[in-house]
Amino acid sequence: MGLKSGSTFLGDFLRQCGGYAVIDGGLGTELERHGADLNDPLWSAKCLVSSSHLIRRVHLDYLEAGANIIISSSYQATLQGFEAKGISREEGEALLKRSVEIACEARNIYNDRASKGSWDDFDDGTGLKRNPVLVAASVGSYGAYLADGSEYSGIYGDAITVKTLKDFHRRRVQVLANSGADLIAFETTPNKIEAQAYAELLEEEAVSIPAWFSFSSKDGTNVASGDSIAECASIVDSCNQVVGIGINCTSPRYIEGLIQSIRKVTSKPILVYPNSGETYDGEKKEWVASRGVAEEDFVSYVDKWCDAGASLIGGCCRTTPNTIRAISKVLSLRSHRV
């Protein structure tokens with residue numbers, strides 16, 4: 001797929017979807033629910049090595065729940081992380097590509113079943129039997145590779161520069177850009193310096209597929225490191241390859257204000273896929289049910305997020321296919337009111 005301008009690529013896709021698109025939900029917690037043991041620095045990427053069938057199963061669960069965009073299992077998959085586990089550079093690159101292949105396989109199975117009428121995605125009287133689907137190749141932050149919780153703080157230390165980060169991410173971005181994905185998703189970006197590094201990489205490498213950037217926030221005003229969300233969004237807005245900007249892995253209660261801040265600095269589509277509202281403890285490596293919101297409460301926010309300017313909505317950590325099914329219903333009803 002050749003690179004279209006930001007407004008054309010996602011704009012066309014959103015029109016196909018009826019004005020709003022559904023992003024999938026949490027991957028790691030769903031893999032665990034299906035029996036995977038993710039107590040490992042590779043986290044969900046461990047399944048690329050040991051149980052790719054589970055990843056395909058989770059992707060399919062989300063497609064059946066109404067997702068229009070499924071995100072590959074490469075969030076924690078870095079060449080450096082694989083090497084630390086004794087996996088060669090060549091094998092690591094093959095695993096990165098495999099993460100996208102598994103998502104594409106799930107899409108093919110879904111399309112095949114839908115074309116045979118094995119299910120109706122939503123019986124809304126329009127006769128629409130199948131949702132259009134994009135596969136996004138996930139790139140997690142440098143902090144995700146460190147596996148020490150710094151992806152949630154964005155504090156990398158003075159030794160980490162834009163150049164360090166570009167060198168760290170370059171080969172992974174090259175491999176994923178040529179993996180068959182429709183776009184690259186730079187997820188849970190915790191600071192301005194990493195956003196700058198990604199934007200420069202996209203241009204330096206003349207990446208041929210579009211990208212979206214999503215940031216994480218702990219206070220509803222700034223990204224995780226304390227950098228201004230508006231400043232971060234402005235940096236990536238000026239990058240031609242960027243087709244969408246938004247927020248992920250952030251408490252639902254902060255999302256509306258963050259959308260409003262992003263909307264002030266970009267006209268590109270805004271995407272949000274919050275977590276369930278719980279907090280991640282980087283030392284204990286577990287989710288703490290601080291102020292988690294129930295599924296029905298999570299979904300009750302969706303109309304507000306759309307009203308504020310978001311057009312792509314899904315879930316992140318601790319959300320499930322049930323969450324995505326409920327979001328899909330809300331957005332489907334909205335599409336028919338437009």
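Residue numbers run from 1 in the order of the sequence given.
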*Could you state the interatomic distance from CZ (Arg170) to CD (Glu205), rounded to the nearest 0.5 Å?*
5.0 Å

*So, the side chain of Gln76 versus the backbone of Pro41: is there a donor-acceptor pair under 3.5 Å, distance only?*
yes

*Identify which one of Val265, Thr189, Ile245 satisfies the side-chain contact (heavy atoms from CB on, under 4.5 Å) criterion when paired with Val236.*
Ile245

*Would Leu38 end up clustered with Tyr62 when hydrophobic side chains under 4.5 Å apart are linked, directly or stepwise?*
yes

*Are Tyr145 and Phe82 connected, step by step, through hydrophobic side chains (Ile, Leu, Val, Met, Phe, Trp, Tyr) whose heavy atoms are closer than 4.5 Å?*
no

*Going through the distances and angles, do Ser150 and Tyr156 end up as a side-chain hydrogen bond (donor to acceptor under 3.5 Å, both in side chains)?*
CA-CA 7 Å; Ser150 60; Tyr156 292 167; 5.6 Å; no

*So, does Ser228 use its side chain to make a donor-acceptor pair with the main chain of Glu231 at under 3.5 Å?*
yes

*salt bridge (charged side-chain N to carboxylate O under 4.0 Å, His left out) assessment of Asp307 paired with Arg334*: CA-CA 10 Å; Asp307 290 342; Arg334 246 189 118 84; 2.7 Å; yes

*Step by step, would you call Ser74 with Leu176 a side chain to side chain contact (heavy atoms under 4.5 Å, CB included)?*
CA-CA 9 Å; Ser74 49; Leu176 289 173; 4.1 Å; yes

_With heavy-atom distances below 4.5 Å as the criterion, would you say the side chains of Ile255 and Thr250 are in contact?_
yes

*Indicate yes or no for a side-chain donor-acceptor contact from Asn191 to the backbone of Gly154 under 3.5 Å, with no hydrogens or angles considered.*
yes

_Exam field: side chain Thr29 to backbone Gly26, donor-acceptor pair closer than 3.5 Å_ = no

*Take Ser214 and Ile247 through the side chain to side chain contact (heavy atoms under 4.5 Å, CB included) test and state the conclusion after the steps.*
CA-CA 5 Å; Ser214 54; Ile247 301 290; 5.8 Å; no

_Apply salt bridge (charged side-chain N to carboxylate O under 4.0 Å, His left out) to residues Arg57 and Glu30 and explain how you reach the verdict._
CA-CA 10 Å; Arg57 166 80 186 271; Glu30 279 301 291; over 6 Å; no

*Assess whether side chain to side chain contact (heavy atoms under 4.5 Å, CB included) is satisfied between Ser88 and Glu83, documenting all intermediate values.*
CA-CA 6 Å; Ser88 72; Glu83 282 178 356; over 6 Å; no

*If you group Ile, Leu, Val, Met, Phe, Trp and Tyr by side-chain heavy-atom gaps below 4.5 Å, do Leu146 and Ile193 land in one group?*
yes

*Would Arg56 and Glu105 count as a salt bridge (charged side-chain N to carboxylate O under 4.0 Å, His left out) if you check the C-alpha gap in whole Å, the side-chain angles of each, and the deciding distance to 0.1 Å?*
CA-CA 7 Å; Arg56 192 185 308 107; Glu105 286 166 10; 2.9 Å; yes

*On the 0 to 90° scale, with breaks at 30° and 60°, tag the Tyr75-Trp43 ring pair as parallel, tilted or perpendicular.*
perpendicular

*Can you tell me how far OH of Tyr301 sits from CZ of Arg253, rounded to the nearest 0.5 angstrom?*
7.5 Å

*Inspect the contact between Arg107 and Asp182 and indicate whether a charged nitrogen and a carboxylate oxygen are less than 4.0 angstrom apart.*
yes

_Smallest separation among heavy atoms of Ala211 and Leu202, with atom names_ = CB-CD1, 3.8 Å

_Testing the basics here: between Ala199 and Cys239, what is the closest heavy-atom pair and its distance to 0.1 Å?_
O-SG, 4.0 Å

*Does a side-chain heavy-atom distance below 4.5 Å link Phe215 with Thr188?*
no

*To the nearest 0.5 Å, what is the distance between CD (Glu187) and OG (Ser138)?*
3.5 Å

*Quick one: do Glu64 and Arg325 make a salt bridge, cutoff under 4.0 Å?*
no

*Does Thr266 reach the main-chain N or O of Ile262 with its side chain, forming a donor-acceptor pair under 3.5 Å?*
no

*Determine whether Leu183 and Leu134 make a side-chain contact, defined as any pair of heavy atoms from C-beta on separated by less than 4.5 Å.*
yes

*Please assess Gln174 against Arg171 for the test side-chain hydrogen bond (donor to acceptor under 3.5 Å, both in side chains), listing each intermediate value before the final yes or no.*
CA-CA 5 Å; Gln174 288 171 338; Arg171 184 59 190 148; 2.9 Å; yes

_Spatial distance of atom CG (Asp219) from atom CG (Asn222) [nearest 0.5 Å]_ = 4.5 Å

*Taking C-beta and beyond as the side chain, do Val49 and Leu95 meet within less than 4.5 Å on heavy atoms?*
yes

*Asn248 side chain to Tyr273 main-chain N or O, any donor-acceptor pair under 3.5 Å?*
no

*asked:* Is there a continuous path of hydrophobic side-chain contacts, each under 4.5 Å between heavy atoms, that joins Leu31 to Leu96?
replied: yes

*Can you tell me if NZ on Lys46 sees more than 12 non-hydrogen neighbours from other groups inside 6.0 Å?*
yes

_Can a donor-acceptor pair be found, under 3.5 Å and without considering hydrogens, that links the side chain of Ser141 to the backbone of Ala144?_
yes

_Close aromatic pair by centroid cut-off 6.0 Å: Tyr198 and Trp212_ = no

*If two hydrophobic side chains count as joined below 4.5 Å and joins carry through other members, does Ile109 share a cluster with Val133?*
yes

*asked:* For a 4.5 angstrom cut-off between non-hydrogen side-chain atoms, does Val207 reach Val173?
replied: yes

*Begin with the C-alpha distance, continue with both residues' side-chain angles, and end with the deciding distance and a verdict on side chain to side chain contact (heavy atoms under 4.5 Å, CB included) for Asn275 and Arg318.*
CA-CA 6 Å; Asn275 59 33; Arg318 315 286 279 185; 5.7 Å; no

*Please indicate whether Lys166 has more than 12 foreign heavy atoms, meaning atoms of other residues, nucleotides or ligands, lying under 6.0 Å from its NZ.*
yes

*Nearest 0.5 Å, what's the CD1-CG distance between Ile102 and Leu48?*
5.0 Å

*Kindly determine whether Arg172 and Glu93 satisfy salt bridge (charged side-chain N to carboxylate O under 4.0 Å, His left out), including the steps that lead there.*
CA-CA 8 Å; Arg172 174 163 64 150; Glu93 291 186 8; over 6 Å; no

*OH of Tyr20 to OG of Ser328: how many Å apart, nearest 0.5 Å?*
14.0 Å

_Note, Leu14 side chain near Leu312 side chain (heavy atom, < 4.5 Å)_ = yes

